[in-house]
There are 2 protein chains.
Amino acid sequence: MATRSGLPAACQTALSERLEAELFQALCDPIRLSLVAHLAASGRALTVTEASQCCGIHFSGVSRHLALLKRAGVVRAEKYGREMHYRIEIGALASTLRGLADALEDCWDAGRRASA
Amino acid sequence: MATRSGLPAACQTALSERLEAELFQALCDPIRLSLVAHLAASGRALTVTEASQCCGIHFSGVSRHLALLKRAGVVRAEKYGREMHYRIEIGALASTLRGLADALEDCWDAGRRASA
DNA sequence: AGTATACATGCGCAACTATGCAAATATATA
DNA sequence: TATATATTTGCATAGTTGCGCATGTATACT
């Protein structure tokens with residue numbers, strides 16, 4: 001659903017709104033990327049203990065990483081008894097990435113036309 | 001160009017290859033995101049001095065940020081006389097983001113089928 | 001040659017981040 | 001109630017990052 005507004009100013013605004021540092025901040029750590037890959041490949045929600053098995057650090061660190069991913073909207077958490085179930089927000093994440101790709105290209109095209 | 005291999009292991013491999021920390025590392029800083037937005041909106045290559053105008057920091061910092069973006073493959077640099085021209089790699093960046101979105105969804109779908 | 005411009009880089013400092021351990025909290029089970 | 005399990009959180013430490021300033025390097029101009 002690209003906007004294709006054609007106006008450079010509008011494109012830059014649209015792009016800046018999508019370029020959220022928090023998302024990239026969340027994904028810039030190798031351990032967190034392992035967690036994301038593991039959560040995606042599992043096809044289901046994982047507990048902290050299960051998630052910890054993909055990366056060689058203490059589970060307390062994994063707990064913190066998952067909390068950070070949750071704050072960034074990459075995962076969703078639900079509590080079942082004493083377990084915490086973390087599930088990747090696959091649809092939101094994928095459409096955010098695609099929307100960003102579209103916004104970048106729209107912006108570039110608009111800028112090219114304007115500077116021509 | 002989604003693979004849709006259907007095999008969870010293959011999907012996880014494909015996903016891990018695309019989940020490069022370096023890219024997100026490059027995009028996790030607000031100043032660097034401003035630079036990316038500015039470069040995208042300009043529709044052309046910018047010098048360090050031009051790029052510096054979008055963010056209120058010393059140009060030496062901008063030079064470092066642009067070098068980092070270059071190492072991550074987000075921008076391309078060419079020297080013209082004493083000027084350095086930085087141009088965003090818009091096509092590569094957009095297709096990397098879309099490929100990542102596809103890989104995440106493929107992986108999730110494969111995992112869902114496997115765990116069903 | 002001497003000066004000016006554009007950019008990169010070494011340095012030190014302040015702020016931030018990730019980590020493991022230990023302790024706290026919450027829930028289940030005996 | 002006592003004990004075990006799952007997770008979060010406080011703390012200290014080690015490592016990383018971003019910043020401006022000063023300096024260095026390359027190119028252009030006079």
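First the proteins, then the strands, lettered A, B, ... as listed; each starts at 1. Bear in mind that the values here come from a model prediction, so they are computed numbers and not experimental data.
- Within the structure, the salt bridge (charged side-chain N to carboxylate O under 4.0 Å, His left out) test picks out the following pairs touching residues 75-85 of chain A (sequence neighbours left out): Arg76(A)-Glu78(A), Arg76(A)-Glu89(A).
- Contact annotation: the side chain of Ile88(A) never approaches that of Leu69(A) to less than 4.5 Å [non-hydrogen atoms, C-beta and beyond].
- Here chain B contacts DNA chain C (any atom closer than 4.0 Å to a heavy atom, that is under 4.0 Å), and the contacts span dA4(C) to dC11(C) from 5' to 3'.
- Annotation: proximity of residues 29-50 of chain B to DNA chain D (heavy atom, distance under 4.0 Å) is found for Asp29(B), Ile31(B), Arg32(B), numbered in ascending order.
- In terms of phosphate contacts, His65(B) brings no side-chain nitrogen or oxygen within less than 4.0 Å of OP1 or OP2 of dT17(D).
- Scanning for side-chain hydrogen bond (donor to acceptor under 3.5 Å, both in side chains) contacts around Glu20(B) gives an empty result, with sequence neighbours left out.
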Name the atoms and distances for all side-chain donor-acceptor pairs under 3.5 Å in residues 52-59 of chain B, with sequence neighbours left out.
| from | atom 1 | to | atom 2 | distance (Å) |
| --- | --- | --- | --- | --- |
| Ser52(B) | OG | Val48(B) | O | 2.8 |
| His58(B) | ND1 | Ser60(B) | N | 3.2 |
| His58(B) | ND1 | Ser60(B) | OG | 3.0 |

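- Taking the side chain as every heavy atom from C-beta outward, Phe24(A) and Leu19(A) approach each other to under 4.5 Å.
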Take nucleotides 21-30 of chain D nucleotide by nucleotide from the 5' end and write B, S or -, depending on whether a protein heavy atom sits under 4.0 Å from the base, only from the sugar-phosphate, or from neither.
B----SBS--
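- Checked against side chain to side chain contact (heavy atoms under 4.5 Å, CB included), Ala9(A) has no partners two or more places apart in sequence or in another chain.
- Shown here are the side chain to side chain contact (heavy atoms under 4.5 Å, CB included) partners of Glu17(A), two or more places apart in sequence or in another chain: Thr13(A).
- Comparing Glu83(B) and Ala67(B), the nucleotide of DNA chain C nearest to each residue sits closer to the 5' end for Glu83(B).
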For residues 26-42 of chain A, run the donor-acceptor check on the side chains, cut-off 3.5 Å, and write out each pair with its distance to 0.1 Å, sequence neighbours left out.
| from | atom 1 | to | atom 2 | distance (Å) |
| --- | --- | --- | --- | --- |
| Asp29(A) | OD2 | Ile31(A) | N | 3.0 |
| Asp29(A) | OD2 | Arg32(A) | N | 3.2 |
| Arg32(A) | NE | Ala26(A) | O | 2.7 |
| Arg32(A) | NH1 | His65(A) | ND1 | 3.0 |
| Arg32(A) | NH2 | Gln25(A) | O | 3.1 |
| Ser34(A) | OG | Pro30(A) | O | 3.0 |
| Ser42(A) | OG | Leu39(A) | O | 2.8 |
| Ser42(A) | OG | Arg44(A) | N | 3.3 |
| Ser42(A) | OG | Arg44(A) | O | 3.0 |

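- Shown here for Leu66(A) and Val75(A), the closest heavy-atom pair between the two residues is O-CG2, 3.9 Å.
- Contact annotation: Ser63(A) does not reach the phosphate of dT7(D) (side-chain N/O to OP1 or OP2, under 4.0 Å).
- The CZ atom of Arg71(B) sits 14.0 Å away from the CG atom of Leu23(B) when rounded to the nearest 0.5 Å.
- Computed from coordinates, the Leu68(A) CG to dT9(D) P distance equals 13 Å when rounded to whole Å.
- Listed by first and then second residue, the salt bridge (charged side-chain N to carboxylate O under 4.0 Å, His left out) pairs involving residues 57-69 of chain B amount to none (not counting sequence neighbours).
- Comparing the local axis fitted to the first five base pairs of the helix from dA1(C)-dT30(D) to dA30(C)-dT1(D) with the one fitted to its last five gives a bend of 20°, rounded to 10°.
- As rounded to whole Å, 16 Å separates atom C1' of dT7(D) from atom CD of Glu78(A).
- Neither OP1 nor OP2 of dA6(D) sits under 4.0 Å from any side-chain N or O of Tyr86(A).
- Nearest-nucleotide positions on DNA chain C place Gln25(A) closer to the 5' end than the other of Ile57(A) and Gln25(A).
- For the atom pair CE of Met84(A) and OG1 of Thr49(A), the computed distance is 12.5 Å after rounding to the nearest 0.5 Å.
- Counting only residues at least two apart or in different chains, ring pair (Phe, Tyr, Trp, His ring centres under 6.0 Å) contacts with residues 75-116 of chain B comprise Tyr80(B)-His85(B).
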